[in-house]
There are 2 protein chains.
Amino acid sequence: MARTAGSDGQKTEAAIRDAALNLIARHGYEAVTMRQLGEEVGVQAAALYRYFPTKEELLFDLMTGHMEALIESWEEARPASSEPADRLAAFVVNHIRFHVERRHSTHVNNMELRSLSRDRLSAILRLRNRYEKELRLILREGAEDGSFRVEDSALTAMAIIQMITGVIVWFRPDERLSVDQVTETYLAMTMRLVGAEEFEEKKNVRAGAEFRAW
Amino acid sequence: MARTAGSDGQKTEAAIRDAALNLIARHGYEAVTMRQLGEEVGVQAAALYRYFPTKEELLFDLMTGHMEALIESWEEARPASSEPADRLAAFVVNHIRFHVERRHSTHVNNMELRSLSRDRLSAILRLRNRYEKELRLILREGAEDGSFRVEDSALTAMAIIQMITGVIVWFRPDERLSVDQVTETYLAMTMRLVGAEEFEEKKNVRAGAEFRAW
DNA sequence: GCATTAATAAAACAAGCGTTCATTTAATTC
DNA sequence: GAATTAAATGAACGCTTGTTTTATTAATGC
């Protein structure tokens, strides 16, 4: 046998990415074999090499795609407001939504940096830094204009990112907590963490009695 | 050759644990080979099997050791005070100190859960839960007696743990930030996060002018 | 100082790894 | 409808993996 009926390169490539994210997120990059990945896609291992030259290149492709999508998602979500509190709120909400929607991809990006070669690693770190810079800027400006209380904007940025990315480690939407509820709570915690004390009350005024402490 | 001059089982075993933590933290469990580990210890790969029956058992031993040491460290650090704010502060300080002192061990415990078999995994998760329960209790009691503002104690516990464990991902003591400074800042952020507003002022009163916003 | 035990080396095991290659079949083009 | 291109197969390559076996040496107990 060789080419199979109904086969389509574009679909296969997408299926490879999808299966790779699933498998790597669950078992780790090193533990996933090309044969295993091929089986998940429904293809021989050799066929994978039509689409990705090496296993590591596939990993790099997945991670780059994730970071670029994250940056793009923030560029679209970034609010018109110049108020630090509004911008921070938008950042947190967008970040959580993005990562909850892409658990596998996020796991891969957080866990598999060490499997990249030096050059590819620093390419990913550059993208990361570009994203994190956005948060540091918000924090710095909020600290300067007095709306936030922040000891060290770089440190606080890391703390916030760890906290809000950590959602995907434990959270699964269930009967007790929905994505919106979790997002709302993380937002409130973040605002208190940076000492933006009036934020919630102002929001409550705007939104009427909609906010409830469940 | 066979037994080498000056060889000592206890020293070898400790050296294996040490080398394994280092290698696994840096390259990941799957990527580390028994031959590589043997070389790091200064011993043939086969000699490792005198001390650990399988590679996975070695991993499990490392992870169990880490969790038991963490639980023990908290039992010793737990303060006499019944004030939720004091207990939370002690928890955060102890947690950060412990994890900064054991970066490698922490990395292994955070990253390699997926390499454990079902039974061994749930044994580690039981230890984890025992530890996290301590934080949840502090938060619940603080929320009940009005000293904290916490929307959901389980969720907040996870958020805090993600945040304060995340220190080890980015932090290296340097000329800009010392361990104590970082700990102090994380503590302040945690206290604001749970809405323990008076904590810092009270502490300042106790400690005089020692606290400074650097 | 002899027997025993602990610690290791060295070699071998079967299985599995990422990757390459020649080939075959399906779809597309003209 | 023949020629071309795209997509995939199946076998093989050389190497590495975790682990086992066997043999040998050093330390220990009496």
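Throughout, a chain's letter reflects where its sequence line sits, starting with A, and its residues are numbered from 1. Fair warning: this is a prediction, and the values are worked out from it, not measured in the lab.
Taking the ring centre of A:Y49 as origin, the terminal cationic atom of A:K55 falls outside the region bounded by 6.0 Å and 45° from the ring axis.
For DNA chain D, the residues of residues 31-39 of chain B within the heavy-atom distance limit of 4.0 Å (strictly under) are B:V32, B:T33, B:M34, B:R35, sorted by number.
To the nearest angstrom, C1' of D:dT20 lies 13 Å from CZ of B:R50. Counting to the nearest Å, the P atom of C:dG18 and the NZ atom of A:K55 are 4 Å from each other. What separates CG of B:L23 from C1' of D:dG18 is a distance of 16 Å, to the nearest Å. Put simply, CD on A:E57 is 10 Å from P on C:dT19, counting in whole angstrom units. Computed from coordinates, the A:Q44 CD to D:dA12 C1' distance equals 13 Å when rounded to whole Å. When the P atom of C:dG16 is taken as reference, atom CD of A:E30 falls 18 Å away, rounded to whole Å. In this entry the distance linking CG of A:L48 with P of C:dC21 reads 17 Å, nearest Å. In this structure, B:Y49 atom OH and C:dA7 atom P are separated by 18 Å, rounded to whole Å.
How far NE2 of B:H66 is from OG1 of B:T106: 4.0 Å, rounded to the nearest 0.5 Å. Rounded to the nearest 0.5 Å, atoms CZ (A:R87) and CG (A:L139) are 9.5 Å apart.
Close placement of the B:F91 and B:Y131 rings is indicated, their centers lying within 6.0 Å of each other. When ring centroids are compared, B:H99 and B:F171 stay outside the 6.0 Å threshold. Taking the six-membered ring wherever Trp is involved, the centroid distance between the rings of A:Y186 and A:H95 does not fall below 6.0 Å.
Both B:A46 and A:T54 lie close to DNA chain C; mapped to their nearest nucleotides by heavy-atom distance, the more 5′-ward contact belongs to B:A46. For A:V43 and B:A45, each mapped to the nucleotide of DNA chain D holding its nearest heavy atom, the one lying further toward the 5' end belongs to A:V43.
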Residues A:L113, A:M63; criterion side chain to side chain contact (heavy atoms under 4.5 Å, CB included); working and verdict: CA-CA 9 Å; A:L113 285 173; A:M63 296 178 78; 3.5 Å; yes

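Between B:T12 and C:dA7 there is no side-chain N or O to OP1 or OP2 distance below 4.0 Å. Distances shown here put a side-chain N or O of B:Y51 below 4.0 Å from the OP1 or OP2 atom of C:dT8.
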